Amino acid sequence: MAKFPVEPFRIKVVEPIRQTTRAEREEILRQAGYNLFAVQAEDVYIDLLTDSGTSAMSDSQWAGMMVGDESYAGCRNFFNLEEAIQSITGFRYFVPTHQGRAAENVLFTCTVEPGQSVPSNMHFDTTQANVIARGGEPVNLLAEEGLDPTSHAPFKGDLDIDKLEAFIQQVGPENVPLGMLTVTNNSGGGQPVSMANIRATGEVLHRYGIPFFLDACRFAENAYFIKLRDPAYADTPVLDIAREMFSYADGCTMSAKKDALVNIGGFLAMNDEALYQRACQQLILREGFPTYGGLAGRDLEAVARGLWEGLDEQYLAYRIGHTRYLGDRLVEEDIPILEPPGGHAVYLDAKRLLPHIPQSQLPGQALTCELYLEGGIRGVEIGSVMFAREDPETGEMVYPSLELVRLAIPRRVYTQAHLDSVVEACRRLYGGREQIRGMRYTYAPPLLRHFTAQFEPL
Ligand code: P61
């Protein structure tokens with residue numbers, strides 16, 4: 001029987017949640033055009049839409065908000081954040097941004113020219129969209145086993161190093177302004193990247209003079225997986241593992257809404273002084289002055305404190321164990337998930353769960369809707385709605401190899417009983433899976449389609 005980890009905190013503030021009836025949910029879903037992003041949060045019982053910005057902050061973070069210095073220039077919280085970022089990442093320069101995609105926008109505006117390619121293990125959708133918005137081409141070079149939902153390999157976020165080198169030679173290094181790794185790999189199941197793979201990615205890129213950036217949203221969870229799964233790091237403090245991960249890169253983008261345990265915030269960090277200067281120009285244009293960058297002083301303080309809390313090993317043991325519990329319980333019920341469970345989320349495998357629905361009929365979206373109907377639980381489709389793209393030459397739809405529904409777990413928010421009720425809803429859904437029907441679009445915007453698309457059941 002799966003074991004739930006003991007929480008290394010107690011609860012001081014609570015927020016009521018309310019279960020609705022199935023009849024109410026049917027009406028809510030119809031009115032939302034079968035898109036869970038259009039459902040009001042109050043109509044959701046357990047909200048596993050995202051782990052982004054949904055953490056419960058600690059008493060120390062809330063106390064830090066009260067010492068927010070709201071000066072336009074040079075507020076003290078900026079320097080606290082600078083100390084945390086430099087100490088943890090080792091990067092010399094950083095600019096705060098209001099969240100991760102703003103850091104991506106600044107970075108790609110400063111680096112990517114139309115027609116150039118940005119390889120990665122796997123881009124998340126905002127990264128992909130920000131590269132495309134610059135006229136660039138995002139390229140995913142995930143190693144084969146990362147695409148097999150049944151493989152139990154320890155580091156399924158690894159990039160295929162041979163493919164990376166072949167790709168650079170094929171397009172020419174002058175057409176690759178930077179390379180990236182997403183740690184952990186969110187689009188591919190929240191799977192970690194090994195230290196050897198981070199090092200090797202840096203070596204290949206640097207051999208061709210190409211800068212290497214980490215998409216570091218979940219760097220602490222990735223570092224903890226390295227400690228758990230790579231015997232060479234079993235006795236290394238997670239902070240040192242994180243420092244080594246960053247040491248192979250030239251910079252990072254960070255959505256602090258994940259491993260820094262805040263509700264809003266992010267940053268772009270780098271070693272290159274010239275790039276930093278260009279980033280400051282972009283920042284001033286789009287986000288704000290470089291010592292606040294789109295955030296209030298109090299938010300900077302919460303990020304500074306959260307970065308350290310996110311690296312606490314007792315917290316990380318609980319965090320990874322919490323997600324593992326949900327995954328193990330679903331496996332006990334024979335419900336197909338992407339294995340092993342990720343760091344921040346468990347991903348239902350819609351292809352195996354609904355084999356009777358072809359990808360053109362959006363099985364992931366159908367599953368997302370059914371889970372809401374069954375238990376008032378909100379997950380997010382990470383499959384054809386999020387990632388299918390039209391082939392520019394043939395005009396045909398190219399579907400992603402993974403068709404997933406992500407159950408992302410907010411940090412320090414839900415208890416064992418909450419997760420058990422998720423399992424119970426999944427069990428009921430699984431029992432009636434053959435009755436679930438596919439869906440079709442009634443509206444689909446061209447970019448980041450899943451946020452605002454509308455559907456109807458077939
Ligand atoms: C998430 F449905 N992630 O996982 P920002 N890189 C990576 C992310 O996971 C990420 C960002 C960059 C979210 C929020 C989200 O379609 C969606 O602070 C690996 O959100 O700008 C964000 O960071 C961007 C959910 C984003 C979505 C886009 O839930």
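Residues: numbered from 1 along the sequence shown. Predicted, not measured: the structure shown is a model, and the values here were computed from it. FYI, side chains are in, hydrogens and waters are out, and symmetry mates aren't considered; it's all heavy atoms of this structure. Ligands are counted one by one from 1 in listed order, and the atoms in each one are counted from 1 as well.
Ring pair Tyr276/Tyr93: centre-to-centre distance below 6.0 Å.
Heavy atoms of Lys257 found under 4.0 angstrom from ligand 1 belong exclusively to the side chain.
Checked by distance only, ligand 1 and His344 stay at 3.5 Å or farther apart across all their nitrogen or oxygen atoms. The distance criterion of under 3.5 Å between nitrogen or oxygen atoms is met by His450 with respect to ligand 1. Considering backbone and side-chain atoms alike, Val380 places every N or O at 3.5 Å or more from each N or O of ligand 1. Considering both main-chain and side-chain atoms, Thr182 never comes within under 3.5 Å of ligand 1 through any nitrogen or oxygen pair.
Using a 4.0 Å cut-off to heavy atoms of Ser52, the atoms of ligand 1 that qualify are 13 (C), 14 (C). Listed by atom number, the atoms of ligand 1 under 4.0 Å from Gly100 heavy atoms are 5 (P), 18 (O), 21 (O), 23 (O). Taking every heavy atom of Thr50 and a limit of under 4.0 angstrom, the matching atoms of ligand 1 come to 1 (C), 29 (O). Residue Cys217 has at least one heavy-atom neighbour below 4.0 Å for each of these atoms of ligand 1: 6 (N), 7 (C), 8 (C), 12 (C), 19 (C).
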For this session: Evaluate side-chain contact (heavy atoms from CB on, under 4.5 Å) for Arg406 paired with Thr50, printing each intermediate quantity in order.
Result: CA-CA 8 Å; Arg406 187 186 69 173; Thr50 180; 3.9 Å; yes
Problem set entry | Verdict with supporting geometry, Arg411 and Asp51, salt bridge (charged side-chain N to carboxylate O under 4.0 Å, His left out) | CA-CA 7 Å; Arg411 293 166 182 78; Asp51 64 320; 2.9 Å; yes
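Of all heavy-atom pairs between Thr182 and Ser120, the closest is OG1-OG, 3.7 Å. A pairwise comparison of heavy atoms in Ser401 and Lys351 identifies O-NZ, 2.6 Å as the closest pair. Leu311 approaches Ala220 most closely through the heavy-atom pair CD2-CB, 3.8 Å.
Interatomic distance, OH of Tyr45 versus CD of Gln19, reported as 6.0 Å (0.5 Å rounding).
Of the protein's non-hydrogen atoms, Asp215 OD2, 2.8 Å is the one closest to atom 6 (N) of ligand 1. In terms of protein heavy-atom proximity, atom 12 (C) of ligand 1 is nearest to Glu104 OE2, 3.1 Å. What sits closest to atom 18 (O) of ligand 1 on the protein, heavy atoms only, is Ser255 OG, 2.6 Å. Residue, atom and distance of the protein heavy atom nearest to atom 9 (O) of ligand 1 are Asn186 ND2, 2.8 Å. Atom 20 (O) of ligand 1 has Arg101 NH2, 2.9 Å as its closest protein atom, hydrogens excluded (heavy atom only). Scanning all protein heavy atoms for the shortest distance to atom 5 (P) of ligand 1 gives Gln99 NE2, 3.3 Å. Closest to atom 15 (C) of ligand 1 among all protein heavy atoms lies Phe124 CE2, 3.9 Å.
Looking at Asp125, Val385, Thr126, it is Thr126 that brings a heavy atom closest to atom 24 (C) of ligand 1. Nearest to atom 10 (C) of ligand 1 by heavy atom, out of Arg406, Met122, Lys258, Met254, is Lys258.
Note: Tyr315 and Tyr318 have tilted aromatic rings, judged against thresholds of 30 and 60 degrees for the angle between ring planes.
The closest side-chain heavy-atom distance from Glu113 to Asn175 is not below 4.5 Å.
Shown are Phe94, Phe213, Phe219, Phe212; of these, the ring pair (Phe, Tyr, Trp, His ring centres under 6.0 Å) with Phe246 is made only by Phe219. Among Phe78, Phe79, Tyr72, the single residue meeting the ring pair (Phe, Tyr, Trp, His ring centres under 6.0 Å) criterion with Tyr292 is Tyr72.
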